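Following: one structure in structure tokens, then a few remarks.
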2 protein chains.
Amino acid sequence: MGRWEPGAQGRLQLAALELFAKRGYSAVTIADIAEAAGLTKRTFFNHFPDKREILFAGAGAFEESVVNHLRSIPHDVAALEAVVQALSIAGSELARYREFSILRRDLIALNVELRERDLVKMVSLTDAIAVELLKRRVGATQASLAAQIGISIFNWAYDKWISGNDLDLSELMRTTLFDVRSIVDVVAT
Amino acid sequence: MGRWEPGAQGRLQLAALELFAKRGYSAVTIADIAEAAGLTKRTFFNHFPDKREILFAGAGAFEESVVNHLRSIPHDVAALEAVVQALSIAGSELARYREFSILRRDLIALNVELRERDLVKMVSLTDAIAVELLKRRVGATQASLAAQIGISIFNWAYDKWISGNDLDLSELMRTTLFDVRSIVDVVAT
DNA sequence: AAAGTGATTGCACTTAGTGCAATCTACTCC
DNA sequence: GGAGTAGATTGCACTAAGTGCAATCACTTT
């Protein structure tokens, strides 16, 4: 057994990313990707359910990470606070994939198909967070809303973060959280 | 000229909804829809860019309605308050389409493709709201977040509303808004 | 060597969606 | 009435996504 080399799935991803970066998402066919990875179109579908999923292979792991961090936060921490903390920790761990994140963001910005898939992943993450909050005996409405607001904060801050700010993700999220406060506080009672 | 009858676009929509209701979304092909409307597959694509769009033909009008209502709200009303009001008025106008809304909701719940498209439409609406808030001299971050929170509130309340509650949509949204308050208020300063 | 296991592949097929040229329809103008 | 024209509809040929199934290949076990 020689040096380690990426399996079929990894080779497909690498090949795809390279092609996407060069030609854009929609100009690359699945056959192209498979060929570039030394495989066939049919094999591609043994590893990915569809073309978009190449760019979201990590979504499941991220969701799991967020949920785990959230679970480890004491129950006496307020719901939204806990969500923000969990997302900020899990998000920081993505620093390794900064380069990939940027490419991904740019591809998504240019392609509706990809934005659609991205949004579904976000909703999935939101739901997972809400489920976790329910276990903390947060009411259904508040669980769902806290999850959604947390995700909104995360998206906003994360975008700023990978767009080259030297700030800390958790600082950015904290700042954004205060913005939310000031938006909501003004509302009549 | 005789009595008015729906044009090609309307016939396609009606035929599609009937088929979707009967067989579900994915079991119906575009050829099926076209045939049921007395047209051909090619003609379908002269009226809709794709199959999902049948269920979202009204999205543009709704977005316009929301933006118009938002514009008509005095600038001294707080951003989130204005968003909630605009959505609640525009939403109430959808009462006419209750039956359609329910079918649509059920179809979306069962089909990822449709959920994807639904989310994109929601983001489009959110962006339109944020743009409108920017014109009110709300800061970029707050505009985006107020729009997102408003949409979250709307979605939650609207779902409850069409699910058969006899309550007013605006009341439901108001209640939900208070939930948001209590979520955010607890956060540490 | 035989047998088995899992990954890869070939093939045939359905469906979405597009571009282009032809045709059909209704309406206008003479 | 008849020629013409604009717009809607259609046929056709094509690309590409995605699926089901059976065959084959590579590699390990016995």
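Keep in mind that what you see is a predicted model, and the values were worked out from it rather than measured. Within every chain, numbering begins at 1; the chains are lettered A, B, ... in the order of the sequence lines, protein sequences first and strands thereafter. All heavy atoms count here, side chains included; hydrogens, waters and symmetry mates do not.
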Atom-to-atom span, [atom1] of [X] to [atom2] of [N] - whole angstrom:
X: A/Ile33; N: D/dA16; atom1: CD1; atom2: C1'; answer: 12 Å
X: B/Glu35; N: D/dT9; atom1: CD; atom2: P; answer: 17 Å
X: A/Leu19; N: D/dA16; atom1: CG; atom2: P; answer: 14 Å
X: A/Arg11; N: C/dA7; atom1: CZ; atom2: C1'; answer: 11 Å
X: A/Leu39; N: C/dG10; atom1: CG; atom2: C1'; answer: 14 Å

Report all side-chain donor-acceptor pairs from residues 87-96 of chain B shorter than 3.5 Å, counting only partners two or more places apart or in another chain.
| residue | atom | partner | partner atom | Å |
| --- | --- | --- | --- | --- |
| B/Ser92 | OG | B/Ser88 | O | 2.6 |
| B/Glu93 | OE1 | B/Ser65 | OG | 3.2 |
| B/Glu93 | OE2 | B/His69 | NE2 | 2.9 |

Partner set under side-chain hydrogen bond (donor to acceptor under 3.5 Å, both in side chains) for A/Lys41, not counting sequence neighbours |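 side-chain hydrogen bond (donor to acceptor under 3.5 Å, both in side chains) check on A/Lys41 returns nothing, list empty.
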
Could you tell me which residues satisfy side-chain contact (heavy atoms from CB on, under 4.5 Å) with [X], sequence neighbours excluded, listed by chain and number?
X: A/Asp32; answer: A/Leu19, A/Arg23, A/Val28, A/Thr29
X: A/Arg42; answer: A/Thr40, A/Phe45, A/Asn46
X: A/Ala79; answer: A/Leu133, A/Val138, A/Ala146

Does OP1 or OP2 of C/dT8 have a side-chain N or O of A/Thr43 closer than 4.0 Å?
->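 So the side chain of A/Thr43 is outside the cut-off, no N or O lying under 4.0 Å from OP1 or OP2 of C/dT8.
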
Phosphate OP1/OP2 of D/dA8: any B/His47 side-chain N/O under 4.0 Å |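 False: B/His47 side-chain N/O out of range (4.0 Å or more) of D/dA8 OP1/OP2.
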
Mark up nucleotides 12-22 of chain C, 5' to 3', with B wherever a protein heavy atom is under 4.0 angstrom from a base atom, S wherever such an atom reaches only the sugar-phosphate, and - elsewhere.
-> ---SBBBBB--

Quick one: do B/Val84 and B/Ile162 end up in the same hydrophobic cluster if we chain Ile, Leu, Val, Met, Phe, Trp and Tyr together by side-chain heavy atoms under 4.5 Å apart?
->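 As far as the 4.5 Å side-chain criterion goes, B/Ile162 and B/Val84 are connected within one cluster.
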
Which pairs, with at least one residue in residues 12-35 of chain A and sequence neighbours excluded, count as a ring pair (Phe, Tyr, Trp, His ring centres under 6.0 Å)?
->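 Matches after skipping sequence neighbours: A/Phe20-A/Tyr25.
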
Of all of residues 104-111 of chain A, which get a heavy atom below 4.0 angstrom from DNA chain D, listed by number?
->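 Those residues: none at all.
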
In the hydrophobic cluster built from side-chain contacts under 4.5 Å, what are the other members alongside B/Ile73?
->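 Other cluster members: B/Val77.
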
